[in-house]
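Numbering of ligands and ligand atoms starts at 1, following listing order.
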Amino acid sequence: MHLPMFVATTLGDEILDLKKQRRAILLAHHYQAPEIQELADVVGDSLELARKALAFEGDVIAFCGVWFMAETAKVLNPHRVVVVPDREASCSLVDSCPVQPVREFRRAHPEYTIVSYINTSIEVKAESDILCTSRNAVKVVNSIPPEKPILFLPDVNLGNYVKRQTGRANLKIWQGACIVHATFAARKLAEVQVQHPEAQIVAHPECPEAVLAMADFVGSTSAIIEYCAASQAREFIVMTESGIQYSLEHKAAGKRFYFVPNENCNCSECPYMKLNTLEKLRDCLETLEPRVELPAETMARALAPLERMLAVK
Ligand code: 13P
Ligand code: SF4
């Protein structure tokens with residue numbers, strides 16, 4: 001596709017010009033760098049971004065998030081170009097769940113309903129009965145007849161949280177983990193709590209049970225933002241990726257937010273999410289690479305569990 005010449009003063013202007021020329025939408029997850037969120041048409045959690053991708057009109061989706069989220073957008077928009085600024089923007093949960101053992105489980109246990117977290121590869125989604133996100137996982141599991149055994153994959157902490165919330169005994173859980181949330185320690189949280197005794201604790205369900213047990217609220221990234229905005233409290237200890245601070249400061253202005261460094265990097269950042277930069281976003285709009293390309297047959301099989309999830313109210 002030939003692009004007309006443009007004059008841009010800053011990288012941000014360049015990106016907005018390219019966006020117009022490409023008839024693109026910029027979708028950004030809450031964990032993206034602030035300068036990316038600033039330019040995005042929509043900032044949201046994985047469920048909101050999947051819904052936006054469904055409703056979109058235009059030619060190109062520039063997905064500022066991680067690869068599995070962009071694959072989801074592609075499944076919903078097979079005729080549109082979907083690009084991600086950095087091809088290496090993956091997720092430890094995706095890596096923890098290769099497709100072959102999932103296929104073997106399905107073959108050996110056809111009676112099980114496979115509920116897959118959206119943080120999985122397209123191949124795993126294609127082997128699943130229904131998908132879920134951190135926002136709707138409890139609702140999705142409750143939508144399955146109680147007598148049906150479930151395999152929940154791949155996040156062990158989210159799986160255990162869902163099991164506690166639904167009281168469902170017949171739920172087997174994969175042992176995958178998020179390198180960011182699973183390494184938040186209750187001990188460090190308690191230290192920060194001593195420094196800010198008035199603060200409420202809000203946590204993403206990918207955190208370990210000991211952290212969730214201390215939380216006043218557990219929810220997806222957008223649910224955490226909504227909770228902090230609506231709450232009477234003025235201070236919050238936030239147990240999720242620190243990119244969320246951008247939206248917290250916009251939507252819950254004037255309140256204070258504290259982050260607890262995890263055991264991995266002594267920070268609260270997802271290294272995959274942070275691979276995307278403004279320069280790479282500009283480049284991907286220019287070259288339309290790296291582009292999500294998936295086999296039609298796999299996309300068709302992944303669409304069914306995705307649509308089942310989107311139908312759960
Ligand atoms: P959300 O569903 O809250 O967007 O979370 C996605 C994710 O990757 C959390 O680590
Ligand atoms: Fe994956 Fe964790 Fe990063 Fe979310 S924060 S994208 S679950 S590695």
Nitrogen or oxygen atoms of Thr133 and ligand 1 under 3.5 Å apart:
no

Please confirm whether Glu206 comes within less than 3.5 Å of ligand 1 when only nitrogen or oxygen atoms on both sides are compared.
yes

Checking Glu71 side chain against Ile122 main chain: does a donor-acceptor pair fall under 3.5 Å?
yes

Calculate, to the nearest 0.5 Å, the distance between atoms OH and CG belonging to Tyr112 and Asn170 respectively.
7.5 Å

Note: heavy atom closest to atom 6 (S) of ligand 2, options Cys91, Ser268, Ala182, Pro271, belongs to Cys91

Report yes if the side chains of Asp155 and Asn119 come closer than 4.5 Å at any heavy-atom pair, otherwise no.
no

What is the minimum heavy-atom distance between Lys188 and Val260, and which atoms define it?
CB-CG1, 3.7 Å

With heavy atoms of Leu93 as the reference, note each atom of ligand 2 found under 4.0 Å away.
7 (S)

Sole candidate of Arg106, Arg308, Lys148 that passes salt bridge (Lys or Arg N to Asp or Glu O under 4.0 Å) when paired with Asp129:
Arg106

What protein heavy atom sits nearest atom 3 (Fe) of ligand 2, and how far away is it?
Cys270 SG, 2.4 Å

For Ser220, the ligand 1 atoms whose distance to one of its heavy atoms is below 4.0 Å:
3 (O)

Protein heavy-atom partner closest to atom 2 (O) of ligand 1 - residue, atom, separation in Å
Ser46 OG, 2.6 Å

Consider ligand 2: state whether an atom of it lies below 4.0 angstrom from any non-hydrogen atom of Glu206.
yes

Could you tell me whether any N, O or S atom belonging to Cys178 is less than 2.8 Å from atom 2 (Fe) of ligand 2?
yes

Is there any N or O on Ser134 that sits under 3.5 Å from an N or O of ligand 1?
yes

Under 4.0 Å between a side-chain nitrogen and a carboxylate oxygen: does that hold for Glu226 and Arg135?
yes

Below 4.0 angstrom from a heavy atom of Thr221, which ligand 1 atoms are there? Numbered from 1 as shown, please.
1 (P), 3 (O), 4 (O)

Run the salt-bridge test on Arg164 and Glu209 with the 4.0 Å N-O cut-off and return the result as yes or no.
yes

Shortest protein contact, atom 8 (O) of ligand 1 (heavy atom only)
Asn119 ND2, 3.2 Å

Give the atom numbers and elements of ligand 2 that come within less than 4.0 Å of a heavy atom of Ser92.
8 (S)

Look only at interatomic distance and state if His204 has a nitrogen or oxygen under 3.5 Å from any nitrogen or oxygen of ligand 1.
yes

Could you tell me whether Asp41 and Lys52 make a salt bridge, using a distance below 4.0 angstrom between a side-chain N and a carboxylate O?
no

Taking the basic N atoms (NZ, or NE/NH1/NH2) and the acidic carboxylate oxygens, is any pair closer than 4.0 Å for Arg22 and Glu286?
no

Specify the protein heavy atom at minimum distance from atom 4 (O) of ligand 1: its residue, its atom name, and the distance to 0.1 Å.
His29 NE2, 2.6 Å

Does only the side chain of Val94 get under 4.0 Å from ligand 2, or the backbone, or both, or neither? Count heavy atoms.
neither

Which pair of heavy atoms, one from Ala62 and one from Leu281, lies closest together, and at what distance?
CB-CD1, 4.1 Å

Numbering as shown, the atoms of ligand 1 that approach Asp45 to under 4.0 Å (heavy-atom distance):
1 (P), 3 (O), 4 (O)

Verdict with supporting geometry, Lys274 and Glu241, salt bridge (Lys or Arg N to Asp or Glu O under 4.0 Å):
CA-CA 11 Å; Lys274 297 304 195 261; Glu241 213 268 2; 2.8 Å; yes

Do any heavy atoms of His181 fall under 4.0 Å from ligand 1?
yes

